[in-house]
Colleague: 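So that we are looking at the same thing, I have put the structure below in structure tokens.
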Amino acid sequence: MKKRIIIRFKRKTIDKPIVYRLAKDYDLIFAILRASVFPRADSMMVLEIEGTDENFQKGIEYLKDMNLDIEPIEQDINRDESRCVHCGVCTSVCAPEAMYINREDMKVEFDYEKCVACELCVKVCPVKAMNVSFE
Amino acid sequence: MKTIDEINEKIKNGKAVVVTAEEMVEITKDKGTKKAAEYVDVVTTGTFGPMCSSGMFMNVGHSKPRIKIGGGKCLLNDVPAYTGIAAVDIYLGATAIPDDDPRNMVYPGAFKYGGAHVIEEFVNGKNIRLAATAYGTDCYPRKHIETYINKDTVNEAYLYNPRNAYQNYNVAVNLSKKIIYTYMGIVRPHMLSANYCSAGQLSPLLKDPKYRTIGIGTRIFLGGGVGYVAWNGTQHNPDALRSPDGLPRAGAGTIAVIGDAKKMSGDYLKGASFVGYGVTMFVGLGIPIPVLDEEMAYFTSRSDEDFWAQVVDYGNDYPNRVPKSICEVNYAQLKSGKVTINGTEVPTYPISSYSKAREIATILKDWIHSKAFLLTNPVTPLPGVDSGISLNTLEENVPEIV
């Protein structure tokens, strides 16, 4: 299976080589989509992990044992449907095309699976409908 | 041939055939323009895009003792309003921003809050903080006031937008090497994106290209409420490039509109922040077009393939007022997601909401069906193609010394 997750570090866990362990011990393919790691603050990393279902589960267990918080990406990136006017401005900056226009009804769709949490949509959305609750 | 009065009688009797502009395209494909003209009475249109030239007049009522805000200063949620009119009349422009907004000092600026956001909150019934200073007179002694106002406390509050509903618009590309932040959104360098801003086949003025039915006094859907065409809009340019049948191929006519803001809704008036550019307001606007004869059936049934727009370089040409068009594309191409410019395929991105435009045309249709909205004969027409009006520019003139 392949999934994008957000890992949150506490100050005490930022020096642990978790990505190495995921790859070496659990044979997981990883892509670091985003990371902000600070020695004195809580840190985060957006990771795409791919592997067998068993290895994936074991990898996640390992991360939890390391006392890291794991969240699916859609929990942290969301669109306020009451504010979105489907203008399409976000689609012009979304390189992975996670935000795209459904040509049937000309509404803007959001495909979480493609999102790399770059936050550009949050910056450009004219009506501030996009929210990313990264620390 | 039908008259607007005859159509209104049909509406009152529940016999009028009212369709949206999209439906009219399909009906005419089936029936042809002659039969469509007999069958359809009204075509509803809609548009929902950023329209900077928008704002709201308010009369905030008299305080005790009285204050002459007129000629003084007035802030609404820290956004400056125009006070150069009577004592307690003010005008809040959509693009106004707080004095302490950093603007583009840290480029590109975020422009998070401005007049349009205050207007959106106001029509949604929220309290707005008013802070005003004045110089004090014998009749208006007070020099300072801070209070809260909302749509129940003020006297009048009406939108007056000097330029809305542009009849067609440029398609923006960027031939420069750096990303640009414009009122047409973010335009990627090396012509990697093309941004457009029109509802195309749903757009009000495109469906009455020669202003035969839309004129001064026309009743419209404005911001979720009812409004009227007050005048031709600023930069109204009927003489713009047109197809042989009269359809504008570039930005042409515009309208100034007015309407009771107290009856409008934040769903159709939305504050907008354009990164690196400023604050503007998404305005929802729709106009019913009476199908008086076959010519109006022809115009109202033109589709996205028939409406062409000019592709303009916003990297260099637009900012430097170089009157140059790279090529023409039509709205069917633009809405497909890609266009071909000089042999290169370029992805397209809208700035205005087609789905909201469709929603507005449908609401207007429902209003007319429910007899809540009747059509109006224009008091006087908008200046047309033969009016001789063309756009003036601002030159750095030096007056002759006599």
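Only heavy atoms go into these numbers, but all of them, side chains included; no hydrogens, no water, no symmetry mates. Predicted, not measured: the structure shown is a model, and the values here were computed from it. So you know, we letter chains A, B, ... as the sequences are listed, proteins then strands, and number each from 1.
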Colleague: Please classify the contact of B/T280 with chain A as side chain, backbone, both or neither, using a heavy-atom distance under 4.5 Å.
Modeller: neither
Colleague: Ring centroid separation for B/Y181 and B/Y314, is it under 6.0 angstrom?
Modeller: no
Colleague: Any idea which of B/S352, B/A116, B/P350 has the most non-hydrogen atom pairs under 4.5 angstrom with chain A?
Modeller: B/P350
Colleague: Mind ranking B/A110, B/C197, B/G337 by heavy-atom pairs under 4.5 Å with chain A and telling me who comes out on top?
Modeller: B/G337
Colleague: Considering only heavy atoms, which portion of B/F48 lies under 4.5 Å from any heavy atom of chain A: side chain, backbone, both, or neither?
Modeller: side chain
Colleague: Give the ring-plane orientation class for B/Y113 versus B/H117, where under 30° counts as parallel, over 60° as perpendicular and anything between as tilted.
Modeller: parallel
Colleague: Can you confirm if the aromatic rings of B/F274 and B/F111 lie within a centre distance of less than 6.0 Å?
Modeller: no
Colleague: Please state whether the side chain, the backbone, both or neither of B/K270 comes within less than 4.5 Å of a heavy atom of chain A.
Modeller: side chain
Colleague: With the threshold set at 4.0 Å, does a side-chain nitrogen-carboxylate oxygen contact exist between A/E119 and A/K123?
Modeller: no
Colleague: Counting heavy-atom pairs under 4.5 Å to chain A, which of B/G276, B/G185, B/A272 comes out on top?
Modeller: B/A272
Colleague: Name the region of B/Y277, side chain, backbone, both or neither, that has any atom closer than 4.5 Å to a heavy atom of chain A.
Modeller: neither
Colleague: I want to know whether A/Y20 and A/F30 have ring centres closer than 6.0 Å.
Modeller: no
Colleague: Under 4.5 Å, heavy atom to heavy atom, which residues of residues 96-105 of chain A contact chain B?
Modeller: A/I101, A/R103, A/E104, A/D105
Colleague: Under a 3.5 Å cutoff, is there a donor and acceptor pairing between the side chains of B/E22 and B/Y354?
Modeller: yes
Colleague: Do you know which of A/V85, A/T91, A/V89 has the most heavy-atom pairs under 4.5 Å to chain B?
Modeller: A/V85
Colleague: Please classify the contact of B/E359 with chain A as side chain, backbone, both or neither, using a heavy-atom distance under 4.5 Å.
Modeller: neither
Colleague: Report all side-chain donor-acceptor pairs from residues 186-193 of chain B shorter than 3.5 Å, counting only partners two or more places apart or in another chain.
Modeller:
{"unit_1": "B/R188", "atom_1": "NH1", "unit_2": "A/S92", "atom_2": "O", "d": "2.7"}
{"unit_1": "B/S193", "atom_1": "OG", "unit_2": "B/R188", "atom_2": "N", "d": "2.9"}

Colleague: In terms of side-chain heavy atoms, does B/N168 have a donor or acceptor partner in B/Y331 at a distance below 3.5 Å?
Modeller: yes
Colleague: side-chain hydrogen bond (donor to acceptor under 3.5 Å, both in side chains), that's the test. Do B/S303 and B/E305 meet it? Break it down for me.
Modeller: CA-CA 5 Å; B/S303 69; B/E305 290 88 19; 2.5 Å; yes
Colleague: Please determine, by modelled atom types, if B/N161 and B/N164 share a side-chain donor-acceptor pair under 3.5 angstrom.
Modeller: yes
